[in-house]
Structure formats: C-alpha cells, structure tokens
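Written below as structure tokens is the structure these notes are about.
The sequence lines fix the lettering, A, B, ..., with proteins before strands; numbering per chain opens at 1.
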Number of protein chains: 2
Amino acid sequence: MSHKTDIQIAREANKKPIQEIGAKLGIGSEHLLPYGHDKAKVAQDFITSLSDRPDGKLILVTAINPTPAGEGKTTTTVGLGDGLNAIGKKAAIAIREASLGPNFGMKGGAAGGGYAQVVPMEDMNLHFTGDFHAITAAHNLLAAMIDNHIYWGNELGIDERRVVWRRVLDMNDRALRDVVTSLGGVSNGFPRQTGFDITVASEVMAILCLADDLDDLQSKLGDIIVAYTRDRAPITCRQIGADGAMTVLLKDAMQPNLVQTLENNPAFVHGGPFANIAHGCNSLIATRTALKLADYVVTEAGFGADLGAEKFMNIKCRKGGIAPSVVVIVATVRAMKMNGGVAKADLGAENVAAVKAGCPNLGRHIENVKSFGVPVVVAINHFVSDTEAEIQAVKDYVEGHGSEAIVARHWADGSAGIIELATRVAEIADKDSAHFAPLYPDEMGLFQKIETIAKRIYRADEVLADKKIRDQLKAWEEAGYGDLPVCMAKTQYSFSTDPNLRGAPTGHSVPVREVRLSAGAGFIVVICGEIMTMPGLPSKPAAMSIRISDDGEIEGLF
Amino acid sequence: MSHKTDIQIAREANKKPIQEIGAKLGIGSEHLLPYGHDKAKVAQDFITSLSDRPDGKLILVTAINPTPAGEGKTTTTVGLGDGLNAIGKKAAIAIREASLGPNFGMKGGAAGGGYAQVVPMEDMNLHFTGDFHAITAAHNLLAAMIDNHIYWGNELGIDERRVVWRRVLDMNDRALRDVVTSLGGVSNGFPRQTGFDITVASEVMAILCLADDLDDLQSKLGDIIVAYTRDRAPITCRQIGADGAMTVLLKDAMQPNLVQTLENNPAFVHGGPFANIAHGCNSLIATRTALKLADYVVTEAGFGADLGAEKFMNIKCRKGGIAPSVVVIVATVRAMKMNGGVAKADLGAENVAAVKAGCPNLGRHIENVKSFGVPVVVAINHFVSDTEAEIQAVKDYVEGHGSEAIVARHWADGSAGIIELATRVAEIADKDSAHFAPLYPDEMGLFQKIETIAKRIYRADEVLADKKIRDQLKAWEEAGYGDLPVCMAKTQYSFSTDPNLRGAPTGHSVPVREVRLSAGAGFIVVICGEIMTMPGLPSKPAAMSIRISDDGEIEGLF
C-alpha cells in the first residue's frame with residue numbers, strides 16, 4: 001500500500017517511447033504521428049487499412065450511481081487493461097480526454113489513480129494533442145460565418161433571434177454564458193443575444209466522437225442546425241458553407257491519440273463529449289481502432305450505468321454497430337454504505353448493515369445492464385478500510401442477483417491486484433454469450449423512447465412533459481428526425497431526477513424540462529432538471545495555485 | 001521558371017524527418033519534441049544548455065513600403081537561408097507563425113513562395129504546434145479570473161467599467177468586437193461592455209515573443225495591467241493570481257518550433273505578434289536559439305523598414321540584447337514602378353523612368369536602416385517581367401546611396417538563384433562592421449521617443465497629440481514606465497500616416513490618436529490612424545471553398 005499521490009506515482013512512471021507502445025499493437029512508427037515522445041496520433045490511412053480485420057472483444061466498465069465516496073471507474077478501466085495484459089492478453093484501453101477549463105477551477109484529475117493510471121498526466125490535463133482546441137476553432141468558425149452571412153445580406157433569411165448556434169471556449173467562464181454580440185455600430189453586425197458554452201458541450205465534440213471517418217464527419221457537421229428563418233425553417237451548417245472548412249480544422253483531431261498506462265500498455269484517449277447534453281464516451285473511431293488492433297478493449301461510460309451505460313448502449317453502440325461482450329460494474333464498499341445512508345465522515349467504521357442496505361442500487365444497475373443482453377461482472381474496487389464482512393455482504397448480494405463480484409486491488413497493486421477480475425472477464429468475453437440489443441428500436445416514437453428509458457432504466461412511474469415539449473417531439477418526427485435515439489440529461493447521483501434520492505427508488509416521475517435537437521450528432525437531448533453548459537470558477541480557483549515550481553515541475557494542477 | 005503554384009511546389013517537397021534537420025544544427029533527437037514527422041519543438045532544457053555558446057551572425061531582412069505588387073520579403077528570407085547553406089555556411093532562418101483566423105477570410109499564405117518556401121505549409125496555416133491555441137487559452141483564463149474575482153466579492157476593488165483586459169479568439173469574427181457579458185442574472189456576474197480581439201493581437205503573444213525564458217515569461221505576464229480601480233489604481237495579472245497558471249499553459253508554446261525549407265535547411269517558426277499593436281517579429285527565444293546553433297541566422301521584420309525594422313531594432317534588439325550584422329532591404333522593380341506612380345495593371349511594361357521616380361522610397365529606407373549603425377544590402381527580388389534597364393536603374397540608384405543592390409532569383413531557382421547575394425551578405429556579416437545602437441535611449445521622454453521616430457524615420461515635421469495623450473504619457477512616466485520603448489502603430493503603405501502617400505514624402509504630420517500601455521510586454525503602443533484588432537470575414541469567405549478533396553488533399557486554403 002503506497003502513500004504516494006497519484007501525481008507522484010505518475011511522475012515516477014517508467015514511460016516507454018510511444019513507438020514501442022504502438023509496436024505492441026502492431027502499429028509501425030511510420031503510422032504514428034508523435035506529439036512529443038510519449039503521445040501520438042494513429043494515422044488515418046493506417047486506420048483505413050484495418051477495415052477488413054476482425055474486431056476484438058469490447059469490455060465496458062460502468063458503475064453504480066456516483067457518491068462522494070468515489071467509485072474508481074476510470075481506475076478500474078485502466079487496471080483491467082493492465083490486468084488483461086498481465087495474463088498474456090493483447091489488450092488496450094479506450095477512454096476520454098480531459099477538458100482544460102475545469103482544471104483551473106478545481107484541481108485537474110488523473111486518468112485513473114494509484115498504480116492504475118494513464119500517463120503523461122500533465123499533458124492530458126493541459127493541451128494534450130490539441131483536439132479540443134481544434135474543436136473550439138471549428139465550432140467558432142461556424143459561429144463567425146453565421147454572423148458574417150447575416151452581415152453581408154442574409155441571403156438565407158436567418159432570423160437573428162433564432163440563431164441557436166452559440167460559441168465555445170474550453171474555459172470555466174460564467175461571464176460568457178449570456179452575452180449580447182455585434183454592438184458598436186453598423187460595421188460590427190446586428191446585435192443579438194447569445195452565449196458561450198464550454199467546448200466539451202459543443203455538438204462538434206459529439207459529432208467527432210460519433211463520426212466514422214472524415215467524410216462522415218463532414219456530412220454530420222453539415223447537418224447541424226444553426227438557426228431558423230422567421231417562418232421556422234431550419235438553416236444548416238451546410239447552407240452556411242462551413243462544413244468543409246470545419247472538417248479541415250478537425251482533420252488531425254479525428255485521429256485517435258495513443259498514450260500508455262503506468263505498466264506501458266496501450267491506451268487510446270480520444271474525444272470527450274459532455275455527458276449531459278451529449279453521450280459522454282470516448283470517440284467511436286478510437287474504440288473501433290482499438291478493436292481492430294487489440295483482442296480485448298476496455299472502455300468506460302460516464303457517471304452511473306443508468307446514465308452512462310444507457311447512452312453508451314443506446315447511442316454509441318447503436319450508431320457504431322459495436323457491442324460489449326461483457327460489462328463490468330464498479331462498486332465500492334464505501335459507496336454501498338453511502339447508498340445505505342452513512343455519512344461520508346463515518347465511512348471508516350465497519351457497517352455491514354449499511355452495506356446491505358445500499359446494495360439495491362447496485363442490484364438495479366446489474367438488472368438494467370443485463371436487460372441489454374450482456375453478461376455482467378461486478379468489480380469491488382478495494383479500499384484499505386473495507387472489512388471482510390463488508391466485502392462478503394456485497395459478494396453475497398451480487399450472487400443473489402445472478403451475477404458475481406470480484407475484489408480488485410489495482411489501485412494499490414497495479415495489474416497484480418486485478419488478475420482474478422481480468423481472468424474472469426476474459427473468460428466471459430471469450431464465451432461470446434452476449435446478445436446485445438439496444439433498449440428501443442429506431443422506429444419507436446420519440447416520447448415513447450423517453451418513456452422506455454424512464455420506466456425500464458430509472459423505474460419511474462411516468463414521464464412529465466407539457467404540451468409544448470410533446471408538440472416539439474411530434475414536429476421533429478414529422479421533419480424526419482423520429483428515428484433518432486434520445487440522449488438523456490439528468491443528475492448522475494440518482495436513478496431519479498432528485499440527486500438526493502439514493503439507493504433504488506421507485507414510484508418517482510421524470511419531468512422533462514426541455515428537448516433539443518442535435519441534428520448533426522444525431523440525437524434528441526432530453527433535459528430533466530438543470531443543465532449547465534458553461535461552468536464557473538470557484539471563489540479560490542485552482543488556477544491561483546498553479547505554477548511551475550523552482551525545479552521545473554507543474555504545481556497545483558493536481 | 002516554373003508555372004507551378006506555391007502549394008504544388010510545397011506538396012512536392014522532398015521533406016526530411018525533422019530529426020535530420022535538427023541534426024544539421026547539432027540538436028540530438030532527444031532534445032526535439034516531435035509534432036508529427038516534420039515539425040518539432042526544441043526542448044527548453046537543451047536551449048538552457050546552450051547559454052555559454054557564442055552567437056552566430058544575425059541577418060535582418062526588411063523591405064520597402066509594401067505595394068500591391070508584392071515585395072517578397074519572406075521569400076527572400078527563406079531564399080537567403082537556403083543560399084547561405086548552399087555556399088557552405090551553417091545557416092538557419094527564423095520567422096513568424098501564421099494566424100489561423102484570417103485564413104478563413106482570404107486564402108492562407110505560404111511561408112515564402114516559389115522555390116523558397118518553408119514546409120509543411122498546410123500545418124503552418126492550421127494548428128501548427130498549438131502555440132496560438134495556448135496563447136488563446138492563457139489570455140482567456142486571465143479574463144475569466146478577472147470576472148470571477150469581481151463575482152466573488154471584488155476584494156481588489158476593480159471598477160467593472162475599467163477592465164481593460166478583453167478576450168481573444170484566433171478567428172475573424174466582427175460580431176465579437178464589442179459585446180456585453182454577464183447578462184442573465186445574478187449567477188452570471190456583473191454585466192459590462194467588453195470585446196474580443198484576434199489572438200495575434202493579445203499582449204500575451206507579444207510577451208511570449210519577448211520573454212527570455214519561463215521565469216521571465218511569468219514575470220512579464222504578472223505585470224500585465226488588466227483593470228483599474230475607481231480611483232484609477234492599476235490592477236495587475238499578478239494580483240489576480242493568474243500568472244502562474246498562464247505560464248503553465250504556455251510552457252510548451254515557449255519552446256521554438258523547428259521545420260524546414262524546401263531545400264531541407266532548418267527554419268525556426270515561432271510566435272506571431274500583430275505588427276500594429278505589438279512589435280511584429282518572431283520570438284526572441286527562437287532567434288536566440290538559432291543564433292546559438294547556426295553561424296548565420298536570417299530573420300525578418302514585418303511590413304516596410306519604417307515600421308517593421310524600426311520596431312525590430314528599437315524593441316526586439318533593445319530588449320533582447322541582439323543586433324543585426326547586416327540588413328537586407330528587399331525591393332522589386334515592380335514596386336519601384338508603383339512608387340513611381342504606375343498602376344498595377346501597367347506593371348508589365350518597361351518603364352525605367354517610373355523605376356527611377358520610385359527609388360527614393362528605397363533610398364530613404366537605406367538611410368534609415370544605416371542610421372542604426374548597420375550595413376545594408378539591397379536585394380532585388382527578380383520577376384520575369386523585369387528588364388535589364390530597369391534593374392540597372394535600381395542598381396545605379398542604390399550605388400548612388402552608398403550601398404549595393406544584388407538581383408536574386410530564388411523564387412524561380414531556389415538557392416542557385418541567390419548565391420551572389422548570400423555570398424555578399426556573409427562577407428559583410430563576417431566583417432563585423434556593424435555598430436548597432438537603437439535610435440533613442442531608454443531614458444528619453446515618451447513623447448520625445450515618438451517625435452524621434454516620426455522625425456528621423458518618417459521624416460515628418462511634427463507629431464500631433466492632444467493634451468489628453470500628452471498627459472497620459474506623463475502619467476506613465478511618473479508611474480515608472482518612462483523607460484519603455486514606444487511601439488508605433490501606423491499604416492505600412494507609406495512613411496506617413498496616409499496610406500496613399502507613396503515614395504518618400506516630407507513635410508507631413510503624425511497625428512497620435514491614442515496611446516496604450518502594454519506593461520507586461522514592456523512598451524507603449526502609439527496609435528496613429530485606425531487600428532483593427534479583430535478582423536471580419538469578407539462576403540465570400542475562403543472558408544466556403546475550403547474542404548478535403550476526394551484524394552485527401554486540403555483544397556481552398558491556399
């Protein structure tokens with residue numbers, strides 16, 4: 001058991017040149033576009049050349065509803081990838097990139113933790129390979145071209161009041177949420193009210209993460225609805241003429257990034273759509289590339305399984321024609337206790353009764369994930385304070401739900417701590433017992449899709465939506481968008497829309513506050529509760545402590 | 001004589017791996033941080049290790065006042081670098097990076113032209129190594145932290161009406177010139193009027209280009225004045241606490257970029273401050289690094305010598321403790337004709353009289369540059385339409401001004417076309433005949449500095465400035481900023497402030513419209529005429545034609 005911090009461990013990593021990591025997957029160094037010595041993009045031509053290869057097995061890591069106790073989903077994803085490699089499997093992981101802006105508010109995060117991390121941590125919390133900057137540029141080029149179109153005569157007849165395309169920055173900047181632009185007179189255009197979102201909330205980000213290739217990227221970008229005319233006809237990015245230039249700006253960003261774990265195993269880190277107004281998982285192109293190159297690919301979905309895994313299955317898998325062979329649900333004894341009513345301060349004391357009381361949250365996630373036709377294993381991410389009796393309580397509960405729970409100690413011990421889980425996961429994946437199907441068919445009505453998720457995943461009694469929302473959904477169906485999946489935006493802390501309702505609530509209602517069409521990304525965003533698309537900084541932002549220390553290390557970022 | 005376009009020539013370049021280019025300068029591959037196979041950053045540690053080495057000779061390329069005929073300054077810079085290598089000298093070039101935003105308005109530019117170019121052209125016109133994105137992020141972090149400070153109680157007592165730090169994007173977006181932020185209620189802060197500039201106009205860009213190292217960068221960033229209190233006391237970036245985090249964001253961007261010419265010679269391409277509200281030349285750290293590694297470094301200053309070379313000498317050389325051994329002034333027969341009154345449509349016909357009539361513009365630049373104590377050579381950048389008699393007229397004129405003019409055919413013939421110029425430039429540099437001194441001492445009064453430039457470089461009779469401006473200059477002198485150099489912002493098309501006044505005007509006045517303090521970069525910006533810090537897009541922006549072609553090439557960007 002180490003007392004080092006994540007960043008200390010990460011800095012002591014014995015990183016190998018990225019070309020050696022690529023070689024493990026059979027990527028020749030000529031197909032890697034290096035960014036420094038420890039990061040590279042995998043060249044598009046090489047990816048294209050892989051199309052006839054068979055796919056490896058996809059392993060999805062998801063979790064119970066997150067609690068302040070922490071569940072360690074990314075840590076388990078990384079640990080499982082290392083564990084599979086340790087038992088002789090050719091495995092890779094595929095996770096999301098970090099957003100730059102929030103790191104200046106709260107401290108930046110590791111990708112994983114303890115002895116299950118992806119490195120280089122500093123770069124991954126800063127500019128990395130520039131993907132998010134490229135998305136920012138592409139998004140804002142479209143915004144500039146919309147206002148420019150209006151300025152130079154507005155041939156398309158855009159209603160300035162109905163421009164829905166905002167601007168983005170990868171920055172926590174509440175002052176930009178709601179702004180009036182084009183002040184200052186005739187030469188600056190027509191004043192109108194608009195705002196900025198954070199880059200990860202951009203539809204361009206969602207599109208990049210769902211596009212098959214550059215052609216598909218351009219096609220999806222072209223489909224973005226940017227504004228409406230006075231008679232409510234949609235105006236697309238294609239009509240503005242920005243889709244080609246945006247694709248050129250995203251040409252490099254579309255190529256997946258390769259880095260490594262502390263144990264020098266390959267990790268694809270690519271894309272990072274917000275999990276509230278988008279689907280929240282790493283890019284399809286990275287997952288697919290990993291599946292062509294590795295026999296096992298461990299990936300993850302954001303938040304709890306009710307939100308992240310549901311969207312992974314119903315959006316990413318549906319659109320990408322991929323499916324997990326097995327799903328790992330991460331739980332911790334501590335989180336079970338919190339679900340069982342224990343306060344964070346009291347988590348250190350053994351409390352088997354609370355563990356048992358919290359387990360139904362886990363149980364429901366198991367049932368839900370199984371309902372997609374995929375086998376489930378529970379990973380108990382081990383904390384030093386866990387007692388044998390508490391662990392046994394979780395194991396017994398999971399067994400009672402027709403599944404199995406395995407303790408994993410990768411945080412403390414790296415791959416050596418997760419051999420049992422890795423072995424079992426590989427066995428299940430190899431059995432090909434999954435019969436994946438999304439929860440609802442494309443042709444189901446949009447409101448019925450929302451109801452299906454609310455009732456079958458959240459176990460709500462009903463969906464509350466006023467006439468305006470129902471009419472909007474009907475209008476989109478008539479406009480040809482009825483076959484799109486729905487992208488739920490709700491709190492991650494509960495199955496319900498009330499973040500304080502832990503455990504496995506029933507009998508609740510799901511109020512739909514707003515629906516939004518992401519015609520480019522190809523989904524309908526269903527907003528249940530507040531949605532924040534531009535965070536603010538706290539009163540003492542982390543940025544105030546971030547600096548380069550006298551010995552040249554970055555301080556305060558982690 | 002080739003009929004290929006610049007981009008065709010650039011794409012046919014026989015590029016060598018960037019490690020081979022680094023090796024020519026003795027940079028081991030471990031000290032190069034690659035970005036793909038044809039770009040790299042030179043590691044800061046390596047740069048630090050060079051400090052005891054002697055410097056090579058610095059060769060500045062500047063030009064006559066630009067005309068629509070084109071003078072080919074960058075082309076000559078690149079050609080001269082290749083020419084010096086061709087005659088067996090160890091030479092490098094050092095030029096600026098391109099700004100992304102304007103490429104979506106008008107077509108993007110090559111770095112050089114014909115057979116004197118720097119590659120990879122596509123990358124250099126897109127994200128390159130991400131430097132400008134890093135500057136955008138650092139600049140906007142400070143902006144967010146200012147509004148955040150006000151939001152959380154405004155301990156420093158910032159007057160919201162007197163926040164002078166705007167935001168930036170690397171985009172031509174007129175709608176952002178003048179905006180009101182923080183609308184939408186209490187949780188979004190205090191509404192105030194502000195705006196966005198293009199990233200190259202950021203003081204952060206100017207600072208990065210003048211900083212010695214990361215420590216100095218942080219110190220200069222800390223000095224930026226971001227706002228004033230109600231009683232006009234300045235508030236700095238350091239007080240906001242953003243300087244450390246900004247430095248972390250700029251850590252990689254501070255390392256110079258290495259690329260190559262078409263002839264595989266090393267080219268440093270780093271930094272790109274606007275030449276209107278900043279000094280407009282590539283970074284000091286790149287120039288210095290090049291000087292440590294090469295025996296001859298060819299660099300350039302923006303616009304004509306009255307504006308670019310003056311700022312190069314009085315700002316960059318003064319602050320950096322560097323000095324050119326020889327200055328090359330680029331002229332063309334065509335531009336001489338335009339200065340002599342010929343319209344662009346008539347430039348094809350021989351007109352020796354017009355050449356002679358235009359030469360005084362060149363003559364004055366020769367005199368001006370010599371007044372800094374440095375020897376001058378004129379490069380006649382050859383066009384196919386030039387006649388022998390026209391060329392001879394320029395040569396005779398220059399000889400009459402105690403200098404020499406040499407015809408250079410690098411555009412058509414690469415280094416083979418510029419051997420004579422390269423040989424002569426090396427000879428002069430080797431003689432060490434320069435006795436460089438800036439035009440005015442640090443301790444001269446601010447207004448007197450402006451007058452000195454106006455009278456000695458522009459040959460104006462007087463400087464017109466109202467009391468408010470003179471009082472402002474005095475106030476800055478009292479506040480301790482009197483020793484700063486002045487950074488002139490005026491039209492590049494004329495010695496005067498009237499862009500239509502070609503040739504060598506005298507008897508004009510220089511009206512100062514506004515003065516601005518760049519306390520971080522360390523100069524006073526003196527604005528004579530209109531100044532545009534956020535361009536707009538034209539009615540048919542280039543972006544509408546930019547796309548990836550069916551064969552995977554970028555179309556429409558060049």
Problem set entry | Distance (rounded to the nearest 0.5 Å) between B/L537 CG and A/Y151 OH | 11.0 Å
Problem set entry | Side-chain heavy-atom pair A/H37, B/P34 within 4.5 angstrom cut-off | yes
Problem set entry | Validation row: A/V179, B/V180 side chains within 4.5 angstrom (heavy atoms) | no
Exercise. So which of A/M534, A/E555, A/M544 has the largest heavy-atom pair count under 4.5 angstrom toward chain B?
Worked result: A/M544
Exercise. How many angstroms lie between atom CG of B/L250 and atom CG of A/L126, to the nearest 0.5 angstrom?
Worked result: 10.5 Å
Problem set entry | chain B-proximal positions within residues 237-246 of chain A [heavy-atom distance under 4.5 Å] | A/I240, A/G241, A/G244, A/A245
Problem set entry | Non-neighbouring partners of A/N172 that pass side chain to side chain donor-acceptor pair (under 3.5 Å), sequence neighbours left out | none
Problem set entry | A/D173 side chain reached by B/N140 side chain, heavy atoms, under 4.5 Å | no
Exercise. Based on non-hydrogen pairs under 4.5 Å, which of B/I548, B/L557, B/T194 is most in contact with chain A?
Worked result: B/I548
Problem set entry | A/E30 versus chain B, the contacting section by heavy-atom distance below 4.5 Å | backbone
For this session: Using a cut-off of under 4.5 Å on heavy-atom pairs, state which of A/D178, A/L214, A/L33 scores highest against chain B.
Result: A/D178
Exercise. From B/L169 CG over to A/L169 CG, what is the distance, rounded to the nearest 0.5 angstrom?
Worked result: 5.5 Å
For this session: Against chain B, work out which of A/G552, A/G130, A/A137, A/G536 has the most heavy-atom pairs shorter than 4.5 Å and name it.
Result: A/A137
Problem set entry | Close side-chain approach of B/I554 to A/K251, heavy-atom, < 4.5 Å | yes
For this session: Working to the nearest 0.5 Å, report the span between CG of B/L176 and CZ of A/F196.
Result: 5.0 Å
Problem set entry | Among the listed options A/A143, A/S539, A/G189, the residue most often paired with chain B at heavy-atom distances under 4.5 Å | A/S539
Exercise. Short question: side chain of B/N148, backbone of A/P538 - any donor-acceptor pair under 3.5 Å?
Worked result: yes
Exercise. Under 3.5 Å, is there a donor-acceptor pair between the B/R174 and A/N188 side chains?
Worked result: no
Exercise. Considering only heavy atoms, which portion of A/L32 lies under 4.5 Å from any heavy atom of chain B: side chain, backbone, both, or neither?
Worked result: backbone
Exercise. When you measure from the side chain of A/H127 to the backbone N and O of B/L249, does any donor-acceptor pair fall under 3.5 Å?
Worked result: yes
Exercise. Tell me, do B/L141 and A/M171 make a side-chain contact under 4.5 Å, heavy atoms counted?
Worked result: yes
Exercise. Quick one: OG on B/S187 to CZ on A/R177, what's the gap to the nearest 0.5 Å?
Worked result: 5.5 Å
Exercise. Given a strict heavy-atom distance threshold of 4.5 Å, which part of A/R167 is in contact with chain B: side chain, backbone, both, or neither?
Worked result: side chain
Exercise. Looking at residues at least two apart in the chain, or sitting in another chain, which of them share a side chain to side chain donor-acceptor pair (under 3.5 Å) with A/N257?
Worked result: A/K41, A/E97, A/T129, A/D131
Exercise. What distance separates B/M145 CE from A/F104 CZ, expressed to the nearest 0.5 Å?
Worked result: 9.5 Å
Exercise. Does any heavy atom of chain A fall under 4.5 Å from the side chain of B/S29, the backbone, both, or neither of them?
Worked result: backbone
Exercise. Side chain, backbone, both or neither: which part of A/Q255 has a heavy atom under 4.5 Å from chain B?
Worked result: neither
Exercise. Where is the tightest heavy-atom contact between A/A175 and B/T181, given as atom of each residue plus distance?
Worked result: O-CB, 3.3 Å
Problem set entry | All salt bridge (charged side-chain N to carboxylate O under 4.0 Å, His left out) counterparts of B/R11, not counting sequence neighbours | B/E122, B/E553
Exercise. Where does A/Y35 contact chain B at under 4.5 Å (heavy atoms): side chain, backbone, both or neither?
Worked result: both
